[in-house]
Number of protein chains: 2
Amino acid sequence: MVSTEFLPGLASPVLGRSVPMDPDAAHGLALRLKALADPVRLKLLDHLLVCPSQEDCTCNLAPLVQLSEPTVSHHLKKLQRCGFLTKERRGMSVYYRVSPRAIDAVAGALRVG
Amino acid sequence: MVSTEFLPGLASPVLGRSVPMDPDAAHGLALRLKALADPVRLKLLDHLLVCPSQEDCTCNLAPLVQLSEPTVSHHLKKLQRCGFLTKERRGMSVYYRVSPRAIDAVAGALRVG
DNA sequence: CCACCTCTTTGACGATTGTCAAGGTGGTGC
DNA sequence: GCACCACCTTGACAATCGTCAAAGAGGTGG
């Protein structure tokens with residue numbers, strides 16, 4: 001893990017754009033793709049996107065993916081650091097919510113057809 | 001690595017589609033994302049997309065990313081196994097070429113906005 | 001205050017990954 | 001045949017990753 005800070009925004013589309021991709025763009029896109037490249041994290045994102053309230057807390061997410069809470073917390077943090085999730089504390093619970101634009105930015109960077 | 005065979009095709013869009021994503025879809029998409037989630041492999045794909053002939057061989061790609069030929073061969077194999085690259089032997093050289101549709105399929109699976 | 005609940009951090013562990021050196025395969029040309 | 005070139009495979013290594021148990025941090029309610 002490079003840093004605990006959020007990653008900088010994804011600088012416009014990058015793959016196959018006539019000008020060779022610069023190393024920082026490759027590194028940044030790779031970090032984001034790595035954050036998405038895990039079945040558990042995909043399942044968590046998918047659940048948060050399809051569930052009625054569009055948000056959920058760790059104690060509900062852990063049984064959903066059948067993993068311990070610390071492990072789920074770790075996955076959520078990874079997604080959050082890339083801007084794919086936001087979190088909000090309300091009372092005792094912490095509610096996570098997807099940031100669709102951050103995910104679409106990655107999808108857009110891959111679009112090449 | 002699960003298998004030396006090609007992965008099956010990506011079964012239509014998967015993320016945030018009102019029906020919860022099934023485990024196989026999550027696993028399959030994660031494998032493809034993992035194959036893309038490396039700066040070297042992104043650089044290789046980008047080069048093959050922007051270079052005039054749209055194809056190149058290992059001996060040209062290795063110096064491009066400043067890695068040994070075996071290492072580049074390993075990366076190319078990983079991309080090939082997910083259908084992102086095709087290879088074709090002509091004479092002594094092996095020419096690699098991008099399959100844009102395979103990459104777009106992943107981009108489409110991520111599109112969620 | 002204390003008991004309790006939710007969540008995160010830390011430390012450890014095995015599994016996976018990216019890399020290279022060494023050796024093997026396949027094709028070219030003398 | 002042999003020498004050579006491009007490429008791939010194998011085996012090893014350090015680094016990273018996913019996981020959990022244990023302990024800490026933050027908030028609720030008696």
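Residue numbers begin at 1 in each chain, while the letters A, B, ... track the order of the sequences.
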Across the strands shown, which category fits [X] at heavy-atom distances under 4.0 angstrom: base, sugar-phosphate, nothing?
X       : value
A:Ser93 : sugar-phosphate
A:Arg41 : sugar-phosphate
A:Tyr95 : nothing
A:Thr58 : sugar-phosphate

Is the Lys NZ or Arg CZ of A:Arg89 less than 6.0 Å from the centre of A:Tyr95's six-membered ring, within 45° of the axis? no
Starting at atom [atom1] of [X], determine the distance to atom [atom2] of [N], rounded to an integer number of angstrom.
X       : N      : atom1 : atom2 : value
B:Lys34 : D:dC17 : NZ    : C1'   : 9 Å
B:Leu61 : D:dC8  : CG    : C1'   : 15 Å
B:Arg89 : D:dC8  : CZ    : P     : 8 Å
B:Leu67 : D:dC7  : CG    : C1'   : 16 Å

Earlier contact from the 5' end, DNA chain C, for B:His75 and B:Pro70: B:His75
Counting only side-chain N and O atoms of B:Ser68, is one of them less than 4.0 Å from OP1 or OP2 of C:dC20? yes
B:Lys87 side chain N/O closer than 4.0 Å to the phosphate oxygens (OP1, OP2) of D:dC7? no
Need to verify one output field. Residue with the more 5' nearest nucleotide on DNA chain D, A:Met92 or A:Ala37? A:Ala37
Taking atom CG of A:Asp104 and atom OG of A:Ser99, what is their separation to the nearest 0.5 Å? 11.0 Å
Kindly point out which of C:dT8, C:dT28, C:dG18 is positioned nearest to the side chain of B:His74? C:dG18
Closest listed nucleotide, where the reference is the side chain of B:Val94 and the choices are C:dT8, C:dG26, D:dC8: D:dC8
Within residues 50-57 of chain A: residues closer than 4.0 Å to DNA chain D (heavy atoms): none
